[in-house]
Amino acid sequence: MVQQVNVGIVGLGNIGTGTMTILAENAAQIDLKLGFPLRVKAVCDLLIDTKPVPDALGPVFKTKDWRELVNHPEVDIVVELVGGTTVAADVINSAIAAKKSVVTANKELMALCGAEIWERAIAAGTNIAMEASVAGGIPIHAVLREGISGDRVVALYGILNGTSNYILTEMEMHGAALETVLAEAQRLGYAEANPSADIDGFDARSKLAILSALAFGEKITPSDIFTEGIRRISQTDFQYAQRLGQTIRLLCAARQTPEGLILSVRPAMIPSTTILASVKSSYNAVWVKGVYGEDTFYYGRGAGPRPTGVAVVSDLMRVGREILRGSPLRVSPFAHERLGEYNPIPVTRQKRAYYLRFRVTDRPGIISALAGILAAKHISLDAVLQLPCDNKRDLPFAITLEPTTEEAVRQAVEGMSQLDFLLEPPLALPMEPPL
Ligand SMILES: NC(=O)c1ccc[n+]([C@@H]2O[C@H](COP(=O)([O-])OP(=O)(O)OC[C@H]3O[C@@H](n4cnc5c(N)ncnc54)[C@H](OP(=O)(O)O)[C@@H]3O)[C@@H](O)[C@H]2O)c1
């Protein structure tokens, strides 16, 4: 008898549609690779009557009510592609309670309560797969859980938000202002009407929480991660970056230090020669450093129906294979309690060189006032940079600092913010050493 595994998909938006397309168009290949077919048995969406389902999928049960799909007796795997943390959590928890495996693309939910969901799934003897939740088309979960799982990760860097990377690289390449690029990205549908999750770093933070949990086997939550978005980055910063042989990226970083793990999502100066600087437009990348295997680098599309759909379908194939062929004892990727070694510690303990950018009303004595505050915090000034500017009422310039702690820089910036010649608080960006 030919066995098959049946799939039910909840949420036929961008990723649901991409997933159905791949399952329909690539069915023969998938069947050959698996040795059995994956069948879409049921689909669910609030506006189900308006959502086209490919004819090649054959007869499919359609419903507006996700409970009908989850409880459908022939559905073996529930695919959650609704997003958010409310309905999606109900769908996933109900599927686990019904002893069905789950495939999800939901970074927000898995970052927030992935550990609990995994524990429930393991107790119920079902499987969870979440490759699509981070970096769309890059199979980074498989890399961390299988490909390099024999290594001991010491650092992980990522460019994990396509929208902010698109904005920054457009600013870098075309000299445009952030607001102009953002408006254009919104017009083209690359950025949401409310872009906060992307440009304030929250989307990237969810992804880093998941990746660092996988890389370090630690229960990382979004609140462990210092997060700062790209709103304050200006064209001036790119001009100074270029002078310094650097560029600016929204860098997600998880680094092991002797005291613990430092986690951050923030705009940072990175050397133009580093491979991360060549990650442009909406592409994503992850760089992992291990004790034994040293550096490995992964690059690809971070989003979009087709790349993300590939991740969902590949998860379905793996989970389907485990359902039919039996699966080994499962261990949660958020496995350990706090181990100490990878215990998150505040980013203020990080030591880096820094770039400080000022906008001032010009007058004598500005540099000495700033230098005095730096000296009081035992911070050594590296260089002062000033590009030509005629507007003495709004004059930008930059100072670079020798490596110092983030804590000292924050105190200095706070002290400087009181100075009356400043038009806004100084912008401080860490300058990453060559990665
Ligand atoms: N977009 C990407 O490139 C990307 C990449 C990686 C991961 N993801 C993740 O993938 C997931 C889906 O994202 P998406 O871009 O496909 O979102 P989307 O286009 O907004 O699709 C979500 C779908 O869920 C449906 N839905 C909402 N509430 C529902 C309910 N109660 N019952 C049934 N269906 C419901 C919506 O229906 P209506 O529209 O009919 O209301 C919509 O069709 C999210 O977790 C997202 O973070 C997305």
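One-based numbering along the sequence shown.
Counting heavy atoms from C-beta on, the side chains of Arg410 and Val347 come closer than 4.5 Å. Using a 4.5 Å cut-off on side-chain heavy atoms (C-beta onward), Ile220 and Leu261 make contact. Between Phe397 and Ile367 the shortest side-chain heavy-atom distance falls below 4.5 Å. Residues Asn165 and Asn161 have side chains not in contact (no heavy-atom distance under 4.5 Å, counting atoms from C-beta outward). By the 4.5 Å heavy-atom criterion applied to side chains, Met20 and Pro52 are not counted as neighbours.
For Tyr298, there are no ring pair (Phe, Tyr, Trp, His ring centres under 6.0 Å) partners two or more places apart in sequence or in a different chain. For Phe421, there are no ring pair (Phe, Tyr, Trp, His ring centres under 6.0 Å) partners two or more places apart in sequence or in a different chain.
The two residues His72 and Lys100 make their nearest non-hydrogen contact at O-NZ, 2.7 Å. Here the closest heavy-atom approach between residue Leu395 and residue Cys389 is recorded as CD1-CB, 3.8 Å. Closest non-hydrogen pair, Tyr354 versus Val409, comes out as CD1-CG2, 3.6 Å.
Note that OG1 of Thr85 is 5.0 Å distant from CD of Glu108, once rounded to the nearest 0.5 Å.
Counting heavy atoms of neighbouring residues, nucleotides and ligands inside a 6.0 Å radius, atom CD of Gln386 exceeds 12 of them. Counting heavy-atom neighbours within 6.0 Å of Asp55 CG, excluding the residue itself, gives a total of 12 or less. The number of heavy atoms from other shown groups lying within 6.0 Å of CZ (Arg306) does not exceed 12. Remark: Glu192 CD is loosely packed, at most 12 non-hydrogen atoms of other residues, nucleotides or ligands lying under 6.0 Å away.
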Query raised in the report: Stepwise, does the side chain to side chain contact (heavy atoms under 4.5 Å, CB included) test hold for Leu160 with Leu211?
Result: CA-CA 10 Å; Leu160 298 175; Leu211 286 192; 4.1 Å; yes

query = Going through the distances and angles, do Arg249 and Glu172 end up as a salt bridge (charged side-chain N to carboxylate O under 4.0 Å, His left out)?
reply = CA-CA 10 Å; Arg249 293 287 185 270; Glu172 173 190 50; 3.3 Å; yes

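Each of Arg352, Arg349, Lys351, Arg266 was compared with Glu406 under the salt bridge (charged side-chain N to carboxylate O under 4.0 Å, His left out) criterion, and only Arg266 meets it. For the side-chain contact (heavy atoms from CB on, under 4.5 Å) with Leu38, the lone residue among Val319, Ile30, Asp31 that qualifies is Ile30.
Using a 4.0 Å cut-off between charged nitrogen and carboxylate oxygen, Glu414 and Lys377 do not count as a salt-bridge pair. The pair Glu424-Arg232 counts as a salt bridge, with a side-chain nitrogen and a carboxylate oxygen less than 4.0 angstrom apart.
Side chain of Glu80 to main chain of Ala105: no donor-acceptor pair is present (N/O by atom type, distance under 3.5 Å, no hydrogens or angles). Side chain of Tyr240 to main chain of Leu387: a donor-acceptor pair is present (N/O by atom type, distance under 3.5 Å, no hydrogens or angles). Of the possible polar contacts, none joining the Thr308 side chain to the Pro305 backbone as a donor-acceptor pair under 3.5 Å is found.
Ring planes of Tyr157 and Trp287: perpendicular class, angle over 60° (limits at 30 and 60°).
Between the side chains of Ser196 and Asp200, at least one donor N or O lies within less than 3.5 Å of an accepting N or O.
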